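Step one of this worksheet: look at the structure below.
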Amino acid sequence: MAKTQLNVRVDEGTARAARERALARGMSVNRYIEELVRQDAGEVGHTFVEAAADFMKQYESVFVEEFGPEREGRR
């Protein structure tokens with residue numbers, strides 16, 4: 001999907017909160033804002049799947065360590 005730039009002005013408190021929440025979720029502020037808008041627009045299911053995929057990528061090594069490399073990639 002093609003991306004377009006959108007510039008917005010917010011107060012410093014809102015900007016700080018966006019940065020902190022994005023950092024806590026391990027994502028960019030751009031992606032964080034994009035996901036908030038998608039959720040508000042009714043794409044919660046799609047956002048959930050993306051977040052689950054991100055979670056699995058982020059913690060892949062933990063799953064491999066817990067369940068062993070022989071199970072990696074099995075469905």
Side-chain angles (χ1 to χ4, degrees):
M1 176 190 297
K3 297 276 185 169
T4 187
Q5 185 171 339
L6 175 67
N7 296 311
V8 297
R9 293 184 185 274
V10 296
D11 62 69
E12 186 54 41
T14 301
R16 184 174 33 270
R19 287 185 202 105
E20 289 171 358
R21 291 171 191 266
L23 180 64
R25 289 167 175 76
M27 62 179 60
S28 69
V29 174
N30 286 336
R31 179 143 186 215
Y32 175 68
I33 299 299
E34 188 175 12
E35 287 192 10
L36 288 177
V37 172
R38 282 185 182 155
Q39 288 174 7
D40 191 50
E43 296 182 23
V44 175
H46 179 70
T47 301
F48 172 79
V49 170
E50 283 185 351
D54 286 344
F55 174 84
M56 292 301 291
K57 278 184 184 177
Q58 185 175 358
Y59 292 97
E60 179 179 15
S61 63
V62 175
F63 287 107
V64 170
E65 183 178 313
E66 178 70 24
F67 299 107
E70 66 277 355
R71 298 181 108 185
E72 185 178 9
R74 284 195 186 170
R75 294 175 200 238

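Computed from a predicted model, the values in this text were never measured in an experiment. Here, residue 1 is the first one in the sequence, and each next residue gets the next number.
Here the CZ atom belonging to R25 is positioned 12.0 Å from the CD atom belonging to Q58, to the nearest 0.5 angstrom. Here CZ of R21 is found 14.5 Å from CD of E35. Values are rounded to the nearest 0.5 Å. Here the CG-CD distance, from N30 to Q5, works out to 8.5 Å after rounding to the nearest 0.5 Å.
Relative orientation of the F55 and Y59 rings is tilted, given thresholds of 30° and 60° on the angle between their planes.
Scanning all heavy atoms of the two residues, the minimum distance from Y32 to A18 falls at CD2-O, 3.9 Å.
Between E50 and R38 a salt bridge is recorded (basic side-chain N to carboxylate O distance below 4.0 Å).
Residues V10 and V29 fall into different hydrophobic clusters, defined by Ile, Leu, Val, Met, Phe, Trp and Tyr side chains chained together at heavy-atom separations under 4.5 Å. In the hydrophobic cluster analysis, where Ile, Leu, Val, Met, Phe, Trp and Tyr join through side-chain heavy atoms closer than 4.5 angstrom, F67 is grouped together with M56.
Shown here is R31, whose CZ atom has more than 12 heavy atoms of other residues, nucleotides or ligands within 6.0 Å.
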